[in-house]
*Asks:* 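Structure provided below as structure tokens; questions to follow.
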Amino acid sequence: MADYAISGVWKDDNSTIINYAIHTVNLEKNIVYHATKYSKAEAIRLLENPQNSARTLLLNYTSQSWKWGTTVNVVGSGANRYLRTTQDKTVKDNLAHLINYSFVCNDFK
């Protein structure tokens with residue numbers, strides 16, 4: 001089983017999420033490794049594997065530290081699959097609340 005964190009997204013000109021910043025995580029040692037840019041299709045494939053799990057990773061601007069968010073799931077079917085979080089029975093907006101790396105950097109590998 002592999003654990004991951006998603007800290008941000010890239011959006012196209014229509015504000016549609018097209019890529020995700022996904023970090024590998026060692027939960028036992030509380031280590032989050034550098035992010036890798038995954039396409040939407042790659043991220044869905046990664047998290048459709050029942051051996052893998054992911055949570056959001058949220059930046060607290062006040063304390064300048066990261067904190068764990070909630071579990072990320074693949075929802076939908078066929079070509080209409082996407083990543084979504086649910087916390088306290090509240091469905092979040094397709095991870096759009098994460099950092100938009102489209103504004104932060106031109107390219108990220």
*Asks:* Hey, does the side chain of Asp3 reach the backbone of Ser53 with a donor-acceptor pair shorter than 3.5 angstrom?
*Replies:*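 Not confirmed, Asp3 side chain does not pair with Ser53 backbone.
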
*Asks:* Looking at Gly8 and Tyr101, what are the two nearest heavy atoms and their distance?
*Replies:*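 Heavy-atom minimum between the residues: CA-CE1, 3.4 Å.
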
*Asks:* Would you mind reporting whether Glu48 and Arg81 have side-chain heavy atoms less than 4.5 Å apart?
*Replies:*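 Arg81 vs Glu48: side chains touch.
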
*Asks:* With distance as the sole criterion, is a donor-acceptor pair present between the side chains of Asn100 and Ser102 under 3.5 Å?
*Replies:*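 A pair is found: one side chain offers a donor N or O, the other an acceptor, under 3.5 Å apart.
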
*Asks:* Taking Tyr33's backbone N and O only, do any of them form a donor-acceptor pair with His23's side chain (distance below 3.5 Å, no angle check)?
*Replies:*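 Here the side-chain-to-backbone pair exists.
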
*Asks:* Suppose we screen for side chain to side chain donor-acceptor pair (under 3.5 Å). Which residues come up paired with Ser39, at least two apart in sequence or across chains?
*Replies:*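 Once residues adjacent in sequence are excluded, the partners of Ser39 under the side chain to side chain donor-acceptor pair (under 3.5 Å) criterion are Glu42.
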
*Asks:* Kindly indicate, with the supporting measurements, whether the criterion side chain to side chain contact (heavy atoms under 4.5 Å, CB included) is fulfilled by Val75 and Tyr82.
*Replies:* CA-CA 6 Å; Val75 297; Tyr82 56 95; 3.4 Å; yes

*Asks:* Is there side-chain contact between Tyr4 and Leu46, with heavy atoms separated by less than 4.5 Å?
*Replies:*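 With C-beta onward as the side chain, the pair touches.
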
*Asks:* With side chains defined as the heavy atoms from C-beta onward, is the minimum distance between Thr36 and Ile22 less than 4.5 Å?
*Replies:*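 Heavy-atom side-chain distance check fails, nothing below 4.5 Å.
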
*Asks:* Using the side chain to side chain contact (heavy atoms under 4.5 Å, CB included) rule, take Val9 and Ile99 through it: C-alpha gap first, then chi angles, then the decisive distance, then the call.
*Replies:* CA-CA 6 Å; Val9 299; Ile99 295 171; over 6 Å; no

*Asks:* Do Tyr20 and Leu83 come within less than 4.5 Å of each other through their side chains, counting heavy atoms only?
*Replies:*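 Side-chain contact under 4.5 Å: yes.
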
*Asks:* Rounded to the nearest 0.5 Å, how far does CG of Leu59 lie from OH of Tyr61?
*Replies:*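 Interatomic distance, Tyr61 OH to Leu59 CG, rounded to 0.5 Å: 5.0 Å.
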
*Asks:* Do Asn73 and Arg84 touch side chain to side chain, with heavy atoms closer than 4.5 Å?
*Replies:*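 A side-chain contact is absent here, since even the closest heavy-atom pair is not under 4.5 Å.
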
*Asks:* Do Leu98 and Leu58 come within less than 4.5 Å of each other through their side chains, counting heavy atoms only?
*Replies:*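 SC-SC contact between Leu98 and Leu58 confirmed.
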
*Asks:* Verify, without hydrogens or angle tests, whether Asn14 (side chain) and Thr16 (backbone) share a donor-acceptor contact under 3.5 angstrom.
*Replies:*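 Looks like no, no N/O pair under 3.5 Å.
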
*Asks:* Are the side chain of Asn60 and the backbone N or O of Thr62 linked by a donor-acceptor pair below 3.5 Å?
*Replies:*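 Yes; at least one donor-acceptor contact below 3.5 Å.
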
*Asks:* Just wondering, do Val74 and Asn49 contact through their side chains at under 4.5 Å, heavy atoms?
*Replies:*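 No, their side chains stay 4.5 Å or more apart.
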
*Asks:* Are the side chain of Thr85 and the backbone N or O of Thr71 linked by a donor-acceptor pair below 3.5 Å?
*Replies:*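 Here the side-chain-to-backbone pair does not exist.
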
*Asks:* So do the side chains of Leu27 and Trp68 get within less than 4.5 Å of each other, counting heavy atoms only?
*Replies:*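 Side-chain contact under 4.5 Å: yes.
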
*Asks:* About how many Å separate CG of Leu57 and CD1 of Ile6, when rounded to the nearest 0.5 Å?
*Replies:*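 These two atoms lie 10.0 Å from each other.
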
*Asks:* So how far is it from Lys40 NZ to Leu95 CG, rounded to the nearest 0.5 Å?
*Replies:*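 Those atoms lie 11.0 Å apart.
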
